[in-house]
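Okay, so here's the structure we're looking at.
In what follows, every chain begins at residue 1, and chains take the letters A, B, ... in the order their sequences are listed.
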Amino acid sequence: MQMNRRSVLGVFGGAATVAAIGLPVGLANATPEDTMAKIKEFAGDKEPQTGGKLTLNTPEIAENGNSVPVGVSVESAMEGDDMVEEIMILAEGNPNPDVVTFKFSELSGEAIAETRMRLAKTQDVVAVARMTNGDIHMAKAPVKVTIGGCGG
Amino acid sequence: MTKKVILAASVLALFSSPVMLTKATADPADATLTIDGKEMTVKTAAPEGHPFDTLYSGWLYREPETRALEEDSFENPGMFGVEQGAELWSVVEGTAGKSCESCHAEPEVDMKGVGASFPKWDADAKRPINIELQIDKCREENMGAEPYKFDAAEQKALTAFIKHQSLGMPVKLDLSQGELQTWWDRGKELYYTRTGQLNLSCSNCHEDHNGQMIRADHLSQGQVNGFPTYRLKQSKLISLHNRFRGCVRDTRAEIPKAFSDDLMALETYVTWRGTGLSVETPAVRQ
Amino acid sequence: MASKPRVKLPKSASAGEIITIKTLISHEMESGQRKDKNGEVIPRQIINKFTVTFNDKTVFEADIEPAISSNPYFEFAVKVPESGTFKFTWVDDDGSVYETEEAIEVA
């Protein structure tokens, strides 16, 4: 049945992309451990702080996992020691947790960025920011991904 | 079951409607849609003889982040198709050495209203004609070019470009043309005919149960005023007949060919069901 | 595979003003996670790097992974010290580079 449906889908042009992210092939999804390892690599010896300095904006429910808006921002002066160097976004339930890393500069003025990402399933999205003084800030947000409606 | 209830509840919360946690239903959003400074009619009184009192654009059934994408024509990825259509407009093809532009020099003027008034009656073919078929007719008769294959990127781009020239204009068919009324009747019959292994008609979902959840999807009225539509699922422009075929496939019925008599009749009828809603092409849906 | 980057920013700003820039580029962002109808894995082809410079100085960058959606969208802020030109560069896995420029006037 699954086979049948799949091959039927394949025949009709637009539907071929149905597997976009919902059905990753031959690869297991990432684990929270993979995500932890990525954070450690990014943070070095520093312990990530979760005090709310880093804001992570995601929808509570994503209507389609193919395009989920995500925004990050950090309150900072964006100069000298009080500046954001990089913000990394990770999706721990994807085949690979990496999503994007934003790199800022003194000309950023404000450490803020937005993009759209793919989420394979309901999961936690994590953002980690590294400051010029070495501090690491972290935020996490759960996103429910609704898969399995109708809608051809 | 638990999942369904949670979903329904969250959706309800988002739409800030009277919360009934036990029922998987959600009203269309109470929102207004403005694109490039033009206010769209996303909610309007139904025409005479319509089964609904009020017509709602499918935009109102979507989540805020999907709605936001359509609101901003810069962010709407469907606009890439419109831009491609604008470029194709002046591309010379065929034995006559012509492009669309050779006859229609100012598409912004010449094509305004076109997307709001098709399907029309094609007296030569003695059947309804939609934008895609009109493009093909021009290509064959005036340009000496091959018709497009169904759902060729160029076909979708040109259709989107033409319909976009009517952005914000109300959908209005002239059923007095030729035998268009007869085809409307045929389309209506198809709309209410159960089909496929799941034994579903268009009306079962889009008339009887719109506003309710079909698994994770919020069922709309099935309006077609935004096609070709940028669908996040395929991440590209999806034509109306592709969508029709997808729906029929989901009922597990034999799928009619694009532009077949059945689907032209259905397009005529379903377009009428959206009378008064704005052309939203390219709409953005999930 | 990609074409026509779109960039949106104000035409002018006051010195030191922080402006918002939006960018969108048409690209499939083939993740390398999908199969075609014959069951063959479709090879990865994405835009892997986005760079913004102002008067030749790098102001914003993004290292991009396959989890970024088709038709990648980025929105970010820049503090504009003087009149000048922004240059936006997207790099494709296949080595293609897509570029566009926008000038801004500081009054």
query = Do A:Pro59 and A:Val68 come within less than 4.5 Å of each other through their side chains, counting heavy atoms only?
reply = yes
inquiry  = If you define the side chain from C-beta out and look only at heavy atoms, does anything of C:Trp90 sit under 4.5 Å from C:Thr23?
reply    = yes
Interface residue of largest heavy-atom contact number with chain C, from A:Ile112, A:Val100, A:Val99, under 4.5 Å = A:Val99
ask   = Ion pair present between C:Lys11 and C:Glu105, side-chain N to carboxylate O less than 4.0 angstrom?
value = no
When C:Asn38, C:Ile18, C:Asn71 are compared by non-hydrogen pairs under 4.5 Å with chain A, the top option = C:Ile18
Chain C neighbours within residues 101-111 of chain A, where any heavy atom lies under 4.5 Å away = A:Thr101, A:Phe102, A:Lys103, A:Phe104, A:Ser105, A:Leu107, A:Ser108, A:Gly109, A:Glu110
task = Measure distances from C:Ser70 to the heavy atoms of chain A and classify the residue's part below 4.5 Å as side chain, backbone, both or neither.
result = both
query = Is a donor on one side and an acceptor on the other found under 3.5 Å between the side chain of A:Thr146 and the backbone of A:Glu63?
reply = yes
ask   = Do C:Asn55 and C:Glu82 have side-chain N/O donor and acceptor atoms under 3.5 Å apart?
value = yes
task = State whether a side-chain donor-acceptor pair under 3.5 Å links C:Ser26 with C:Arg6.
result = no
query = According to the interplanar angle, ranging from 0 to 90°, do the rings of C:Phe50 and C:Phe88 count as parallel (below 30°), tilted (30 to 60°) or perpendicular (above 60°)?
reply = parallel
